[in-house]
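One structure is given below, encoded as structure tokens.
Convention: sequence-line order gives letters A, B, ...; per-chain numbering from 1.
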Amino acid sequence: MSRTFLGMPGTVSMMGYSGKEGFPENAAKAVRNSQLRFNLRKATGTIRGRRASVVGELPDWPDLRQAGKAIKDHTLRNLDTYLVQLEEAVTKAGGHVHWARDAAEANRIVTDLVKATGETQVVKVKSMATQEIGLNEALHDEGITAYETDLAELIVQLGDDWPSHILVPAIHRNRSEIREIFVRHMSEWGRPAPEKLTDDPAALAEAARLHLRERFLATKVAISGANFMVAETGTLVVLESEGNGRMCLTLPETLISVVGIEKLLPTWRDLEVFLQLLPRSSTGERMNPYTSMWTGATEGQEFHLVLLDNGRTRVLADDLGRQALRCIRCSACLNVCPVYERSGGHAYGSVYPGPIGAILTPQLRGMESELDRSLPYASSLCGACYEVCPVAIDIPSVLVELRGRSRHPVAERAGMAAAGWVLNRSGRLARAQRMGGRMRRLVPKRLPGPLGGWTDTRDLPDIPKESFRDWWNRTDGGSR
Amino acid sequence: MSARDVILARVRAAVEGVPDVEIPRSYRGAAPASEGLVDLLAERVRHYKAAVHVVEEAGVAELVAASLAERRARRLVVPEGFPEPWLPAQGFERIGDEPRLSASDLDTADGILTTCAVAIAETGTIVLDAGAGQGRRALTLLPDFHLCVVRQDQIVANVPDAVARLDPARPLTWISGPSATSDIELNRVEGVHGPRILEVVIVTPAAT
């Protein structure tokens, strides 16, 4: 697997995309895959219904959402103070804290820590931060094998595939495709799939259990991320479903957690808000099966915390864009997005797909590539993402702002300049309208040359014979 | 400059002059104990496909014995501090964690009996804090069957209640139903890496 890293200081894995093709080209390919569209429609439809039902159950959901938003904004405003407080608390509890400016630095820190243990295998809990920095590839280059243990991550790893969803990276795969991947590839990584494996979800879950069991019992180093870090107490929190997280956090002798600096919460009490917002928004459950909380070195374990910047401070400096750092990676915005439901996650060319990815990726990675410039357009601006966001990130407004910042194509710039010139004086507008009215029969359905891109996806409106102002003057407001 | 100093300097430069915000806490906070929490907890835990029993103090040992027989669980891990009166007199082999059991020893046990620190009615959650009768975290992870005994006075109404009662210095495990996954077509399927069978016994005080 080769990954291209672009842009400094923020480097976010491009997941195999060159970045030369934009979102429209990627999406066009994806929507031709009818199996993919079927899988996505089914999965996102299910999860939308579940979320709506458990969110509707809480009478104070809007209050929780406002509190969640404010706690995150307050944390970001005082991030320096809280980071130092966290470092002190973790260190006091026997943990070691490391700081990484970018992906390369984080990868080097983790690789060195693993090498210091003398181990060549690590187990991993699903983590967006380690995907973002391409940690598995960096470890691989140093002779260390990272085994993904989350079911969906396992499906992606075995299938030599790319994640397409924040919460369920294998959402693009249905049960029979998953069965196929297990039967073909489990033996390459360890214990083979059971004979006569069916595509019953319970049987597939059992196959994953058997495949990973020995690995959990034998592996001495684990790598995780975290959903939250509490500055006041130094506590880290991981929410999960399967128990693979508990296996990795509990059994190995050494635990290394790589966490983005924006994952902080100031106080222990703040968890009362986020432990309600996150499970209901993400898997649509009142509570996820397992949540682990630990403070520093626990039960005799060696604990390292790697705090990751990787472009986050650049996003923090942006008055409008910094709200993307409130994100708790619940993925409710993906599940509700009409564009995501049709294009799937791969088209976004980032570990952060969907509406949140469309504002987070270009900010973290910069807007140098065609792909990153096109991401803010991967939206119909319907606003459904804003409505479901548990921390009220105004994604549509940030999308519009980012659209304004990228350099527009020559034809569009020329068109906008011409329109500005005409609309700026009422006399010019009237003359243009009269000319348009006289030539209206000559206007083609598809505009010529580079302007054709605009009419490919839109109908040109019919041009009236006479403008409203001319009609008003001619008939004195309709009285003549 | 160290990476730490660079990052902190970047943060300070980024937020300079940005106004701070007040945190509105108008959501439901910790609620006083109320009627109906036992029933609500039982209903919510059952929703996760875990077995739930409600029993008076005197009947716990008998119920545990019946449950072990039904699950054919013979070799049971019983952590230090688990109340003796709740244990059946016979019919199982008791395994202690002193000295520490290895992961593979734990893996061969049929089940684990524990108490808990707090239970949350609204979300159907039990929380373990490695206290008396619970043991370290791995004990409730490797055996395939976990039976947890909850006293009525440990049940709180909602998440804010639980957070207020818990001690962050202890390792905490929040458990809501048996191990499950939503990774296949986003439907919840029970039984992956953690215990596939969870039984919760809610103990009420003797009726007067």
Side-chain angles (χ1 to χ4, degrees), chain A residues 42-43 46-47 60 63-64 66-67 70-71 73-74 77 79-80 83 99-101 105 151-152 168 170 174-175 178 201-202 204-205 208-209 212 217 230 233 235 241-244 246-247 250-251 268-269 271-272 275-276 283 286-295 298-299 309 313 316-317, chain B residues 2-4 6-8 10-15 18-28 44 47-48 103-104 107 120 122-125 130 136-138 141 159-160 163-164 168-169 171-195:
Chain A
K42 189 168 173 214
T46 306
I47 197 72
D60 55 345
D63 305 277
L64 287 167
Q66 283 313 310
I71 291 169
D73 279 345
H74 167 75
R77 172 63 190 83
L79 195 58
D80 52 336
L83 282 170
W99 301 70
R101 280 164 281 206
E105 189 164 27
L151 180 50
V168 192
N174 65 24
R175 58 183 74 185
I178 295 167
L204 295 170
R209 179 185 172 98
L212 287 172
L217 298 182
V230 181
T233 60
T235 309
S241 296
E242 297 164 18
N244 65 306
R246 293 179 66 194
M247 292 277 180
T250 312
L251 298 182
W268 172 250
R269 186 191 172 186
L271 283 174
E272 71 186 18
L275 290 177
Q276 297 190 73
T283 48
R286 296 190 180 105
M287 196 60 87
N288 50 296
Y290 298 131
T291 298
S292 296
M293 305 178 179
W294 74 98
T295 303
T298 307
E299 293 177 346
D309 179 349
T313 46
L316 185 63
Chain B
S2 68
R4 178 184 187 275
V6 169
I7 293 171
L8 289 174
R10 285 177 184 166
V11 169
R12 284 173 192 134
V15 298
V18 175
D20 207 340
V21 290
E22 285 292 312
I23 297 168
R25 297 201 190 256
S26 51
Y27 54 87
R28 293 171 306 151
R44 295 285 153 95
H47 181 80
Y48 298 128
S104 34
D107 197 32
I120 308 167
E122 187 172 277
T123 59
T125 305
R136 62 195 166 97
R137 296 171 297 171
L141 177 59
V159 173
V163 170
L172 301 174
T173 307
W174 296 41
I175 299 174
S176 307
S179 153
T181 181
S182 299
D183 284 353
I184 302 165
E185 300 174 6
L186 280 183
N187 264 314
R188 181 160 168 147
V189 182
E190 280 70 25
V192 199
H193 303 294

Subject >> Salt bridge B:R12-A:D80, side-chain N to carboxylate O under 4.0 Å >> reply: yes
Original post:
Using non-hydrogen atoms only, which part of B:P195 is less than 4.5 Å away from chain A: side chain, backbone, both, or neither?
Top reply: both
Original post:
Of the non-hydrogen atoms in A:P289 and B:P178, which two are nearest, and what is the gap between them?
Top reply: CB-O, 3.9 Å
Subject >> Interchain contact, A:T283 with chain B, by part (heavy-atom threshold 4.5 Å) >> reply: side chain
**OP:** Output the option from B:E122, B:R44, B:R137 having the highest count of non-hydrogen pairs under 4.5 Å with chain A.
**Re:** B:R137
Subject >> Point-to-point distance, once rounded to the nearest 0.5 Å, from OG1 of A:T295 to CG of B:L172 >> reply: 7.5 Å
Original post:
Is there a side-chain contact between A:N244 and B:V192 (heavy atoms, below 4.5 Å)?
Top reply: no
Original post:
Who wins among B:T173, B:V18, B:V21 for the most heavy-atom pairs under 4.5 Å with chain A?
Top reply: B:V18
Original post:
chain B: which of A:L204, A:L151, A:T46 shares the most heavy-atom pairs with it under 4.5 Å?
Top reply: A:L151
Original post:
What do the steps show when you test A:R101 against B:R10 for side chain to side chain contact (heavy atoms under 4.5 Å, CB included), and what is the final call?
Top reply: CA-CA 10 Å; A:R101 280 164 281 206; B:R10 285 177 184 166; 4.1 Å; yes
Subject >> Minimum heavy-atom distance between B:V163 and A:R269, given as atom pair plus value >> reply: CG1-CA, 4.1 Å
Subject >> Nearest heavy-atom neighbours spanning B:I175 and A:R246 >> reply: CD1-NH1, 4.3 Å
Original post:
Does some side-chain heavy atom of A:M287 sit less than 4.5 Å from a side-chain heavy atom of B:V159?
Top reply: yes
Original post:
Pick from B:I120, B:T123, B:L141: which one has the most heavy-atom pairs with chain A under 4.5 Å?
Top reply: B:L141
Original post:
Hey, which of A:E105, A:R286, A:K42, A:M247 has the most heavy atom pairs under 4.5 Å with chain B?
Top reply: A:R286
**OP:** Apply the test side chain to side chain contact (heavy atoms under 4.5 Å, CB included) to residues A:L79 and B:V15: give CA-CA distance (whole Å), side-chain angles for both, the deciding distance (0.1 Å), then the verdict.
**Re:** CA-CA 9 Å; A:L79 195 58; B:V15 298; 5.8 Å; no
Original post:
Can you say whether B:V189 sits under 4.5 Å from chain A via the side chain, the backbone, both, or neither, judging by heavy atoms?
Top reply: side chain
**OP:** Among B:P168, B:S104, B:P160, single out the residue with the greatest number of heavy-atom pairs under 4.5 Å to chain A.
**Re:** B:P168
Original post:
Of the backbone (N, CA, C, O) and the side chain (C-beta and beyond), which part of A:I71 lies under 4.5 Å from a heavy atom of chain B, both, or neither?
Top reply: both
**OP:** With a 4.5 Å cut-off on heavy-atom pairs, point out which of A:A43, A:S292, A:A208, A:G243 contacts chain B the most.
**Re:** A:A43
Subject >> Max heavy-atom pair count under 4.5 Å with chain B, selected residue of A:A202, A:A317, A:A170 >> reply: A:A317
**OP:** Would you please name every residue forming a salt bridge (Lys or Arg N to Asp or Glu O under 4.0 Å) with A:D60, sequence neighbours left out?
**Re:** B:R28
**OP:** Please determine, among B:P24, B:A130, B:G177, the option with the most heavy-atom pairs under 4.5 Å with chain A.
**Re:** B:P24
Subject >> Contact summary for A:E242 and B:S179, nearest pair of heavy atoms >> reply: O-OG, 2.7 Å
**OP:** Select one option (side chain, backbone, both, neither) describing which atoms of B:V6 are under 4.5 Å from chain A's heavy atoms.
**Re:** side chain
**OP:** Can you sort out the partners of B:R188 under salt bridge (Lys or Arg N to Asp or Glu O under 4.0 Å), two or more places apart, ordered by chain and number?
**Re:** A:E285, B:E190
Subject >> CA sep, side-chain torsions, deciding dist, call: B:Y27, A:Q66, side chain to side chain contact (heavy atoms under 4.5 Å, CB included) >> reply: CA-CA 9 Å; B:Y27 54 87; A:Q66 283 313 310; over 6 Å; no
**OP:** Please look at B:T181 and chain A and tell me whether the side chain, the backbone, both or neither of the residue comes under 4.5 angstrom of a heavy atom of that chain.
**Re:** both
Original post:
B:P171, B:G124, B:A14: which one forms the most heavy-atom pairs within less than 4.5 Å of chain A?
Top reply: B:A14
Original post:
Hey, does A:L275 have a side-chain heavy atom less than 4.5 Å from the side chain of B:W174?
Top reply: yes
Original post:
What heavy-atom pair brings A:A100 and B:I7 nearest, and what distance separates the two atoms?
Top reply: O-CD1, 3.5 Å
**OP:** State, to 0.1 Å, how close B:A138 and A:L251 come at their nearest heavy-atom pair, and which atoms those are.
**Re:** CB-CD2, 3.8 Å
Original post:
Heavy-atom distance under 4.5 Å to chain B: side chain of A:I178, backbone, both or neither?
Top reply: side chain
